[in-house]
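As a basis for the values below, the full set of heavy atoms in this structure was taken, side chains included, without hydrogen atoms, waters or symmetry mates. Just so it is clear, the structure is predicted and the values come from calculations on it, not from any experiment. Letters A, B, ... mirror the listed sequences (proteins, then strands); counts begin at 1.
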Amino acid sequence: GAVVSQHPSRVICKSGTSVKIECRSLDFQATTMFWYRQFPKQSLMLMATSNEGSKATYEQGVEKDKFLINHASLTLSTLTVTSAHPEDSSFYICSARGGGDGYEQYFGPGTRLTVT
Amino acid sequence: DAKTTQPTSMDCAEGRAANLPCNHSTISGNEYVYWYRQIHSQGPQYIIHGLKNNETNEMASLIITEDRKSSTLILPHATLRDTAVYYCIVRAAGGYQKVTFGTGTKLQVIP
């Protein structure tokens, strides 16, 4: 099956700094990637959708200037949390989908971000 | 996408069948029923999906009622590793619809 990886699996950063999370599709070309956020004991919330070579589309309430998404290639998308604060601490999960009708969404293993 | 309703939590004895229900009374004719699960601190894992016929794969079986307003995911012999949150999602046919998650059912498999 299709594999999606994320790096790092967990990261701790200080308040005010920026942190980048990478999402890669390992064995297929991902024309569309999705970024989700999950707080403890809650469900996954979609943050944004990005198509390769285009600007990301953000869900309502998600600050696009704070959560920078780059989808520059068909196998890599990055999420940068800028000026991170403790309330940004969360589990970030990416998902990737190939092109064409019927291609499913495959999920990465997630990245645990802790802002101190 | 149609809304789904699932019980918040369920327990199942190890080795027994786990039957997880899902109501989707507003499902449209072109919408599929998908099931994913999320084991603690991991990304979601696809389990199975179907349109109107019952489906079975190596992980589970999916039973969809004739009126398509509800479905049941069956794990035939639950193991401790099946402890997870199970999400029932309905979405339109084709790969272009994004997956959005409800609250799911927390399944606890008990030794």
Side-chain angles (χ1 to χ4, degrees), chain A residues 1-7 9-10 21 23-26 28-51 56-60 62 89-114, chain B residues 1-10 20 22 24 30-53 55 57-60 62 81 83-108:
Chain A
V3 179
V4 177
S5 70
Q6 283 184 240
H7 178 79
S9 59
R10 56 179 64 233
I21 302 170
C23 175
R24 295 181 185 273
S25 57
L26 299 186
F28 68 101
Q29 293 186 324
T31 54
T32 305
M33 286 189 170
F34 307 85
W35 286 94
Y36 295 80
R37 178 170 55 181
Q38 185 176 35
F39 293 109
K41 300 189 186 301
Q42 295 186 21
S43 188
L44 288 80
M45 297 298 295
L46 180 65
M47 299 175 66
T49 302
S50 71
N51 292 302
T57 301
Y58 291 81
E59 296 297 307
Q60 189 172 10
V62 178
S89 297
S90 188
F91 192 49
Y92 291 87
I93 301 167
C94 76
S95 178
R97 183 178 67 206
D101 194 32
Y103 277 59
E104 298 304 332
Q105 230 176 285
Y106 302 97
F107 290 84
T111 297
R112 176 76 58 191
L113 170 63
T114 303
Chain B
D1 290 346
K3 181 178 173 60
T4 63
T5 305
Q6 299 177 253
T8 303
S9 63
M10 294 181 63
L20 292 93
C22 179
H24 32 79
N30 68 340
E31 289 183 317
Y32 285 73
V33 180
Y34 281 78
W35 283 83
Y36 291 82
R37 73 179 182 184
Q38 186 181 25
I39 296 170
H40 183 62
S41 293
Q42 296 184 23
Q45 177 189 20
Y46 165 83
I47 301 173
I48 199 168
H49 76 282
L51 182 63
K52 55 183 177 181
N53 298 319
E55 302 287 345
N57 63 20
E58 65 278 5
M59 289 183 67
L62 173 60
R81 289 176 294 179
T83 291
V85 177
Y86 287 76
Y87 296 98
C88 169
I89 294 161
V90 292
R91 63 184 176 103
Y96 293 103
Q97 296 297 318
K98 55 195 174 187
V99 176
T100 55
F101 292 85
T103 54
T105 296
K106 168 69 176 180
L107 174 69
Q108 182 72 48

Of all heavy-atom pairs between B:Q38 and A:F91, which one has the smallest distance, and what is that distance?
NE2-CE2, 4.0 Å
Using non-hydrogen atoms only, which part of A:L44 is less than 4.5 Å away from chain B: side chain, backbone, both, or neither?
both
Exercise: identify the closest heavy-atom pair between B:Y87 and A:S43:
CE2-OG, 3.4 Å
Which atoms of A:Q6 are under 4.5 Å from chain B, going by heavy atoms: the side chain, the backbone, both sets, or neither?
neither
Under 6.0 Å between the ring centres of B:F101 and A:F107?
yes
Spacing of CE belonging to A:M45 relative to OG1 belonging to B:T100, to within rounding of 0.5 Å
9.0 Å
With sequence neighbours left out, write down each residue that passes side-chain contact (heavy atoms from CB on, under 4.5 Å) with B:P7, or none if nothing qualifies.
B:M10, B:P21, B:T105
Inter-residue atom distance A:Q105.CD - B:Y36.OH, 0.5 Å rounding:
6.0 Å
Side-chain heavy atoms of A:S95 within contact of B:V99, under 4.5 Å:
no
